[in-house]
Peer 1: 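Quick one: this structure, given as structure tokens, is what I'll be asking you about.
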Amino acid sequence: MAEEPASPSLSSQPQPPPSSAPPLGSSVIPIVNKLQDIFAQLGSQSTIELPQVAVVGSQSSGKSSVLEALVGRDFLPRGNEICTRRPLVLQLLQTKRKGDGSGEDEWGEFLHLPGKRFYDFSEIRSEIQAETAKEAGGNKGVSDKQIRLKIFSPNVLDITLVDLPGITKVPVGDQPSDIEARIRTMIMSYIKKPSCLILAVTAANSDLANSDALQIAGNADPDGYRTIGIITKLDIMDRGTDARNLLLGKVIPLRLGYVGVVNRSQEDIITNRSIKDALAAEEKFFRSRPVYNGVADRCGVPQLAKKLNQILVQHIKSILPGLKSRISSALVSVAKEHASYGEITESKACIAGQGTLILNILSKYSEAFSSMVEGRNEEMSTSELAGGARIHYIFQSIFVKSLEEVDPCEDLTDGDIQTIIQNATGPRTPLFVPEVPFEVLIRKQIARLLDPSLQCARFIYNELIKISHHCLVNELQRFPVLRKRRDEVIGNFLRDGLEPSETMIGHIIEMEMDYINTSHPNFIGGSKAVEIAQQQIKSSKVSFAMPRQKDGIEPEKAPASERSMKTRGFLARQVNGIVPDQAWHFLSSSLFLNLQFYCSAYCYGACLIRQSGLCMTYREHIRWQKVNRSHLLKLKTVLSGNKNVSSWGISSIFGGGDHSRMSAKENSLSKSYNEPGQSIEPLEQSSSLIHLREPPTVLRPSEIHSEHESIEIVVTKLLLRSYYDIVRKNIEDSIPKAIMHFLVNHTKRELHNVFIRKLYRENLFEEMLQEPDEIAMKRKQTREQLRVLQQAFRTLDELPLEAETVERGYSLSSDSTGLPKIHGLPTSTMYSSGSSDSYSASPKNPKSRKSSHSGELQPHLYADSNGSGRASMPGLYPTVDF
Ligand SMILES: Nc1nc2c(ncn2[C@@H]2O[C@H](COP(=O)(O)OP(=O)(O)OP(=O)(O)O)[C@@H](O)[C@H]2O)c(=O)[nH]1
């Protein structure tokens, strides 16, 4: 890196006229103004927050004098006794320049005197004194109650300065005995804030090693990133002494270094010496003292202002990236909005142009619709599922999951099952596990699947409607009529698509109900079900019987009913194929015909059961028995001749090989058909002496189930669950397929054609392309916003360069000790322990160099101590020309 030019020294370089000393932050005012403009353009309320500056130090060290010199106006009480007795929070607020030369665009306002404007700054001083006395008394008392003063001016930065009471050791006047502690606490409350820049003021004629200012600043800012040391009263040091070593940091090193200043003396105050004259005198002082030649960059109020400016520039730089990204994101969204309003369609004039435009929009829309369904849309959300992903969710996480959760037996009590079994068996005692109840119940369960399936189709329909509204939103918002027409067309089209999918769903469910495929490989089958049921009942019975055995009751002594149950259990085992069964060999072809007839009669009965809500009326039952009696008698003759043949064989659930023998009880039942009158119209013969009790209107089977009944119930449940599982899987698979085919994909395939058919009509073009006035207005507004944002972006792009230009004059180069050059504050470090270091021009880029020298000359604000006006004076301080 090229060596930077030597710093301007008081002896070797022409110095700015004293009056050109920049007030605090003057160099960054243009940048800040520009940034505030950008904030305003962004429509944001936020502004640039600059760090607060507080002066601390011992009493009468010259704090108020330093602050005044920085602001460039006389308005603070100063004196060789305690002056600042209450914290003064001074807010500088930038106002718009009036430009009428009235001089009334700068004024002060106190918080305690709202609405009262002080155009005369000496009155401000009087008011501060009066207000101090009001709160802290007239006898050197101190109060921590703030005085808040606002200075409005077009020439200031929006920055806050705080003048704090000086640290005092010995209480005087009305001061309490712990005055020092109180003042220290008060000071700390301000300077401990990380956003507070500390000006630690020490008089050169006091011992720096005992500096209260450095001590308290060190407490608040131990790393020294925000403390600048200020040495005042260089002019009244003992003859033969100087502050050179202090300024170089050789006595107490300070990261940000020191600046020596010469303020107005008490005499100057008395004689009303202006700031302008005081600055000239200060400059003359340093010029006449060769000892300060090498440390010119650390001498004088202008150098202090530069240092502060440098810090402010760094602060601004630190906020630029955030501001830039805000602008660029605003640019993107405004550009998008602007694009959505489209260009003013020249093609609107001719029909062909209109047609092309509409065709384009419709094609784009159809494409966008398909993309959304297929998950190819460009704007993928990271926060929620959208488009096709929602359809998938509905299928898998809502539809399938809901079906999985259904238990086909949940609404069926054992009593219900028993009732249906008995209803299906009619007047006989049930002999076997009949398939009719199973079929009736499974059909009922399959029918339950229709509603969720239709609901699923509805959900998908709603999703498609939603998708249709989310496609090409921006592009279509300028054509509300076209949008409305589009909604109508796609709405009707989707409704049309819903119908066939609902019909298909109905068919699928009906298909499942129409054929109960008990041969399905995944179906449990009767034998297995009975086996499992027996095991279940057995194990529950064993656990139930255990205590009884303990009681000494022999199983043989169990009641007859239980024994008969065991017999039935044995039957069931036979059914399971444990006993070899040749029953079917005994069936001759004529018997088979009889059986067929029996089966059809049985089915007829089952049909009646189904139609009558699972319960045959008494008369129907009798009629059914009569019809079948003769056939059953024939059957019985055959069966009684061979007791190995069982009526279980008719059940398809149990398969062709599962037959069992007829029990004695069944024989007796069959026998009863030979005894006419016993079961036919029994009520007509009840006029004997024995009176039967009237049967209740509603009859339910006994709640206590025999073992056989229990097995029947368990078997029925097992069959139900097994078959339901098969159907559920089919439905879970086929319903989404039907919906996708008839509704979703059909829409995707046909949408464009439908649009063309319905909307591509010459007579509709004009109407559909009507643009509301507000769209034209919005297009204009967004175009303007876009222009402003682009401008702001360009300005920001240029700002760092310009900020550097501003900073350049103040950038710290490496000193002769080889310590690092400091470019940034507060993150950079300044070691003041080296020998002479100096401010120098940065060679970073030619542009900044050029602007530094040829830049517009900085007008000196508050150039006149009586505030009569501003002078635009030539100086070395560069400014930024926007
Ligand atoms: N000769 C000379 N006198 C100075 C200098 N700075 C301040 N004074 C005088 O020192 C006295 C105190 O100055 P102030 O600015 O009031 O000091 P302060 O620290 O604000 O005082 P308090 O607020 O009362 O603690 C005044 O009479 C000033 O004129 C200086 O650099 N040289």
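In this text the structure is predicted, and so the values were computed from the model without any measurement. Numbering of ligands and ligand atoms starts at 1, following listing order. Only heavy atoms go into these numbers, but all of them, side chains included; no hydrogens, no water, no symmetry mates.
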Peer 1: Do side-chain atoms of Glu68 reach the backbone of Leu76 as a donor and acceptor pair under 3.5 angstrom?
Peer 2: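 Yes, because the side chain of Glu68 sits within donor-acceptor range (under 3.5 Å) of the backbone of Leu76.
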Peer 1: I need the nearest protein heavy-atom contact for atom 23 (O) of ligand 1: residue, atom name and distance, please.
Peer 2: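 Its nearest protein heavy-atom neighbour is Thr84 OG1, 2.7 Å.
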Peer 1: Can you check whether Cys83 has an N/O within less than 3.5 Å of an N/O in ligand 1?
Peer 2: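 In this structure, Cys83 places an N or O atom under 3.5 Å from an N or O of ligand 1.
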Peer 1: Kindly indicate whether the side chain of Ile230, heavy atoms from C-beta on, has any atom under 4.5 Å from the side chain of Val261.
Peer 2: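 When only atoms from C-beta onward are counted, Val261 and Ile230 do touch, with a gap below 4.5 Å.
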Peer 1: Counting only N and O atoms by type, is there a donor-acceptor contact under 3.5 Å from the side chain of Lys192 to the main-chain atoms of Asn219?
Peer 2: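 Answer holds: no.
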Peer 1: Taking Arg264 for the side chain and Ala278 for the main chain, is one N or O donor matched with an acceptor at less than 3.5 Å?
Peer 2: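 Pair absent, no side-chain N/O of Arg264 close to backbone of Ala278.
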Peer 1: Ser64 heavy atoms, cut-off 4.0 Å: which ligand 1 atoms fall inside?
Peer 2: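 Close to Ser64: 15 (O), 18 (P), 20 (O), 23 (O).
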Peer 1: Looking at Gln146, is its backbone amide N or carbonyl O close enough to the side chain of Arg86 to form a donor-acceptor pair, meaning the two atoms are under 3.5 Å apart?
Peer 2: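 Such a contact is found between Arg86 side chain and Gln146 backbone.
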Peer 1: Mind checking whether Asp268 contacts ligand 1 via backbone (N, CA, C, O), side chain (CB onward), both or neither, at a 4.0 Å heavy-atom cut-off?
Peer 2: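 The answer is neither; Asp268 stays 4.0 Å or more away.
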Peer 1: Check ligand 1 against Gly62 and write out every atom of the ligand that is under 4.0 Å from a heavy-atom position of the residue.
Peer 2: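 In order of numbering, the contacting atoms are 7 (C), 13 (O), 14 (P), 15 (O), 17 (O), 18 (P), 19 (O).
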Peer 1: Do we get Arg125 above Phe75's six-membered ring, with its NZ or CZ under 6.0 Å from the centre and within 45° of the axis?
Peer 2: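 That pair does not qualify as a cation-pi contact.
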Peer 1: Students should be able to answer this: which protein heavy-atom is nearest to atom 18 (P) of ligand 1, and at what distance?
Peer 2: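 Its nearest protein heavy-atom neighbour is Lys63 N, 3.5 Å.
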Peer 1: Heavy-atom contacts with Asp235 under 4.0 Å: which atoms of ligand 1 show up? List them by number with element.
Peer 2: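 By the 4.0 Å cutoff, the relevant atoms are 1 (N), 2 (C), 30 (C), 31 (O), 32 (N).
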Peer 1: Okay, side chain of Arg226, backbone of Cys196: is any donor-acceptor separation there less than 3.5 Å?
Peer 2: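 Indeed, once roles are kept as given, a pair shorter than 3.5 Å links the two residues.
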Peer 1: Keeping Ser206 on the side-chain end and Ala203 on the backbone end, is there a donor-acceptor pair under 3.5 Å?
Peer 2: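 Yes, Ser206 side chain to Ala203 backbone: donor-acceptor pair under 3.5 Å.
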Peer 1: Hey, is Glu68 touching ligand 1 through its side chain, its backbone, both or neither, going by heavy atoms under 4.0 Å?
Peer 2: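 Neither part.
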Peer 1: Among all protein heavy atoms in this structure, tell me which lies nearest to atom 27 (O) of ligand 1, with the distance rounded to 0.1 Å.
Peer 2: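 The closest one turns out to be Gln266 OE1, 2.3 Å.
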Peer 1: With heavy atoms of Ser65 as the reference, note each atom of ligand 1 found under 4.0 Å away.
Peer 2: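 Those atoms are 7 (C), 13 (O), 14 (P), 15 (O).
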Peer 1: Go through ligand 1 atom by atom and flag the ones less than 4.0 Å from a non-hydrogen atom of Ile236.
Peer 2: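 Ligand 1 atoms under the 4.0 Å threshold to Ile236: 1 (N).
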Peer 1: Below 3.5 Å, N or O to N or O, backbone or side chain included: is there any such pair between Asp163 and ligand 1?
Peer 2: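 No; the residue has no nitrogen or oxygen that sits under 3.5 Å from a nitrogen or oxygen of the ligand.
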Peer 1: For the residue pair Ile216 and Ile191, establish whether any side-chain heavy-atom pair is separated by less than 4.5 Å.
Peer 2: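 Ile216 reaches Ile191 side chain to side chain.
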Peer 1: Taking only non-hydrogen atoms of Ser61, do any sit less than 4.0 angstrom from ligand 1?
Peer 2: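 It does, in that a heavy atom of Ser61 comes within the 4.0 Å cut-off of ligand 1.
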Peer 1: With the side chain counted from C-beta on, respond yes when Tyr225 and Leu256 share a heavy-atom pair under 4.5 Å apart, and no when they do not.
Peer 2: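 Counting from C-beta outward, Tyr225 and Leu256 never come under 4.5 Å.
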Peer 1: Is there a side-chain contact between Asn293 and Arg287 (heavy atoms, below 4.5 Å)?
Peer 2: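 Of all side-chain heavy-atom pairs linking Arg287 with Asn293, none is under 4.5 Å.
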Peer 1: Using the benzene-type ring in the case of Trp, are the ring centres of Phe118 and Trp107 under 6.0 Å apart?
Peer 2: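 No: the rings miss the under 6.0 Å criterion.
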Peer 1: Nearest protein heavy-atom contact for atom 5 (C) of ligand 1: which residue, which atom, what distance?
Peer 2: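 Protein heavy atom with the smallest distance to atom 5 (C) of ligand 1: Lys233 CG, 3.5 Å.
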Peer 1: Among protein heavy atoms, which lies nearest atom 12 (C) of ligand 1, and at what distance?
Peer 2: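 That would be Gly79 O, 3.1 Å.
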Peer 1: At under 4.0 Å between heavy atoms, is it the side chain or the backbone of Leu76 that contacts ligand 1, or both, or neither?
Peer 2: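 Near ligand 1, Leu76 shows nothing, with every heavy atom at 4.0 Å or more.
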Peer 1: Purely on distance, is any nitrogen or oxygen of Asn263 under 3.5 Å from one on ligand 1?
Peer 2: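 So ligand 1 has an N or O lying under 3.5 Å from an N or O of Asn263.
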Peer 1: Spell out, as yes or no, whether a donor-acceptor pair under 3.5 Å connects the side chain of Tyr292 to the backbone of Gly260.
Peer 2: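 No, the answer is negative, given that no donor and acceptor are paired below the 3.5 Å cut-off.
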Peer 1: Which of the numbered atoms in ligand 1 are under 4.0 angstrom from any heavy atom belonging to Ser265?
Peer 2: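 Under 4.0 Å from Ser265, ligand 1 has these atoms: 1 (N), 2 (C), 3 (N), 29 (O).
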Peer 1: Given Arg264, Arg273, Arg78, which one has a non-hydrogen atom that is nearest to atom 29 (O) of ligand 1?
Peer 2: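 Among Arg264, Arg273, Arg78, the closest heavy atom to atom 29 (O) of ligand 1 comes from Arg264.
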Peer 1: Using a 4.0 Å cut-off to any heavy atom of Gln59, which atoms of ligand 1 qualify?
Peer 2: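 So the answer, numbered in order with elements, is 25 (O).
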Peer 1: I'd like to check which ligand 1 atoms, numbered from 1 as shown, lie under 4.0 Å from a non-hydrogen atom of Gly166.
Peer 2: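 Near Gly166, meaning under 4.0 Å from one of its heavy atoms, ligand 1 has 25 (O).
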